[in-house]
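Heads up: the structure comes next, in structure tokens.
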Amino acid sequence: MGKPAQEKIILDNQDNWDKVAHLFKDASALPVWGPFGVGDDLNLIPKIKGQTFLEIGCGSGRGLKYLADHGARKVYGVDLSKKQLEEAKLYNEKAIKARKVVLIQKAMEGKLDLEPIDIVFSVYGIGWTVDPKKTFQNIYSYLKPGGQFIWSWDHSIYADTVYEDGKYVIAYDYHNEEAISLKNWREQGGSANLTYRKTSTWFQLLLDAGFEIVGYHEPAPKNLDNSQKDPEKHYHIGKATKLPATVIYVCRKPSRS
């Protein structure tokens, strides 16, 4: 994918995220790492107090507030969507005034000028990148030696599976890593443009960027809420109890020898 095509997708996604921002005010955020309450028992961030954090795709800022309330020294949040950041600003007003939370509107593929970061994390944000190689290189450069990069996303097998005629079936080619466009996304008239990559591809991209992969998780759902009646919905508990909905990668920038 060439640079002009990438830039167009980023602009389209920015516009569409602004359209749907109001639907994601209560989306998954720390201490959980995805839908169905997954990951809060994994203790992936054992130390918060005094640490410096960066969230990629901070959305409405719930995760930023969680860290600030638990003693983080400073928390940076970057997001593509102006509307998402407006909500994050309201939600973190006190911490922003105290200079504990800093919001930045920018695509994750763009380089940020930051102080050295202890932990970079993302809850269902990284998968939206149009240039994972560049994104991972950026994140690697932000981290202190020994710093961690922890992120979650849809499990690729989960994303390829749909509900048809009373059962779950593989509907998409796992090996196909071409960009897709989901029309009328969230019934708001726009399109979601993203690429689902194989697990092996994500591993190789992380290794190529210089990361050590120190943890890999496929957590089972904890919130067994059956209120969602339509099994054709992407996030449905019936599907999540049969397949891992979420994958979490725990990565580390090597310490200086």
In one Ile/Leu/Val/Met/Phe/Trp/Tyr side-chain cluster, 4.5 Å: [X], [Y]:
| X | Y | answer |
| --- | --- | --- |
| Val162 | Leu243 | no |
| Tyr91 | Leu23 | no |
| Leu90 | Ile104 | no |
| Leu64 | Val102 | yes |
| Leu194 | Leu11 | no |

#### Entry: Near-ring test Trp202/Trp153, centroid separation under 6.0 angstrom
no

### Check: Phe149 ring centroid to Phe136 ring centroid under 6.0 Å
yes

Working to the nearest 0.5 Å, report the span between [atom1] of [X] and [atom2] of [Y].
| X | Y | atom1 | atom2 | result |
| --- | --- | --- | --- | --- |
| Asp160 | Lys198 | CG | NZ | 11.0 Å |
| Thr241 | Lys239 | OG1 | NZ | 11.5 Å |
| Glu86 | Leu103 | CD | CG | 11.0 Å |
| Leu206 | Ile126 | CG | CD1 | 9.0 Å |
| His155 | Thr161 | NE2 | OG1 | 10.0 Å |
| Leu112 | Leu54 | CG | CG | 6.5 Å |

Looking only at heavy atoms, what is the nearest atom pair of [X] and [Y], with distance?
| X | Y | result |
| --- | --- | --- |
| Leu143 | Gln148 | CD2-O, 3.3 Å |
| Ile10 | Ala107 | CG2-CB, 3.9 Å |
| Gly110 | Tyr142 | O-OH, 3.5 Å |
| Arg197 | Pro132 | NH2-CD, 3.4 Å |
| Pro221 | Ile237 | CB-CD1, 3.9 Å |
| Ile45 | Ile119 | CG2-CD1, 3.9 Å |

### Query
Any idea how Tyr66 and His70 line up, ring-wise: parallel (<30°), tilted (30 to 60°), or perpendicular (>60°)?
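It falls in the tilted class, 30° to 60°.
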
### Task
Mind telling me whether Phe203 and Tyr216 have parallel, tilted or perpendicular rings, with 30° and 60° as the class edges?
tilted

Please examine the side chains of [Y] and [X], heavy atoms only from C-beta on, and report whether any two atoms are closer than 4.5 Å.
| X | Y | value |
| --- | --- | --- |
| Val75 | Lys100 | no |
| Met108 | Asp131 | no |
| His217 | Leu44 | yes |
| Asp118 | Lys144 | yes |
| Phe211 | Ile139 | yes |
| Thr195 | Ile180 | no |
| Pro244 | Ile157 | no |

Without hydrogens or angle criteria, can the side chains of [X] and [Y] be said to hold a donor-acceptor pair below 3.5 Å?
| X | Y | result |
| --- | --- | --- |
| Tyr249 | Ser152 | no |
| Gln14 | Asp18 | no |
| Tyr76 | Glu115 | yes |
| Asp173 | Tyr196 | no |
| Asn193 | Asp12 | no |
| Thr201 | Glu177 | yes |

### Message
Surrounding NZ of Lys82 (heavy atoms of other residues, nucleotides or ligands, distance under 6.0 Å), is the total greater than 12?
### Response
no

### Message
Can you tell me if Lys25 has over 12 outside heavy atoms packed within less than 6.0 Å of its NZ?
### Response
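No, because the 6.0 Å sphere around NZ of Lys25 holds 12 heavy atoms or fewer from other groups.
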
### Query
Where do Val247 and Thr199 land on the side chain to side chain contact (heavy atoms under 4.5 Å, CB included) test, with the steps shown first?
CA-CA 9 Å; Val247 59; Thr199 301; 5.7 Å; no

### Query
Is there a salt bridge (Lys or Arg N to Asp or Glu O under 4.0 Å) between Lys97 and Glu93 once you walk through the steps?
CA-CA 6 Å; Lys97 287 181 178 178; Glu93 185 175 5; 3.6 Å; yes

### Message
One pair to check against side chain to side chain contact (heavy atoms under 4.5 Å, CB included): Lys242 and Tyr168. What are the steps and the verdict?
### Response
CA-CA 9 Å; Lys242 294 175 174 62; Tyr168 291 99; 3.9 Å; yes

### Query
When you look at Lys111 and Ser141, which way does the side chain to side chain contact (heavy atoms under 4.5 Å, CB included) test go after all the steps?
CA-CA 9 Å; Lys111 191 68 181 291; Ser141 72; 3.0 Å; yes

### Message
Here's one to test your reading of the geometry: is the NZ or CZ of Lys253 within 45 degrees of the ring axis of Tyr140 and under 6.0 Å from its centre?
### Response
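Judged by the rule, Lys253 and Tyr140 form a cation-pi pair.
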
### Task
I would like to know whether Glu55 and Ser122 meet side-chain hydrogen bond (donor to acceptor under 3.5 Å, both in side chains); could you show each step before the answer?
CA-CA 5 Å; Glu55 180 173 12; Ser122 181; 5.9 Å; no

Tabulate below the donor-acceptor pairs under 3.5 Å that side-chain atoms of residues 28-41 make, not counting sequence neighbours, or state none.
from  : atom 1 : to     : atom 2 : distance (Å)
Ser28 : OG     : Gly34  : O      : 3.0
Asp40 : OD1    : Lys222 : NZ     : 2.6

### Task
Walk me through it: do Lys133 and Asp208 pass the test salt bridge (Lys or Arg N to Asp or Glu O under 4.0 Å)?
CA-CA 8 Å; Lys133 180 178 179 181; Asp208 289 346; over 6 Å; no

### Query
Thinking salt bridges, do Glu109 and Lys134 make one under a 4.0 Å N-O criterion?
no

### Query
Step by step, would you call Trp17 with Phe24 a ring pair (Phe, Tyr, Trp, His ring centres under 6.0 Å)?
CA-CA 9 Å; Trp17 268 106; Phe24 286 85; 4.8 Å; yes

### Asn13 vs Leu80, side chain to side chain contact (heavy atoms under 4.5 Å, CB included): CA-CA, chis, key distance, verdict
CA-CA 8 Å; Asn13 280 344; Leu80 187 63; 4.1 Å; yes

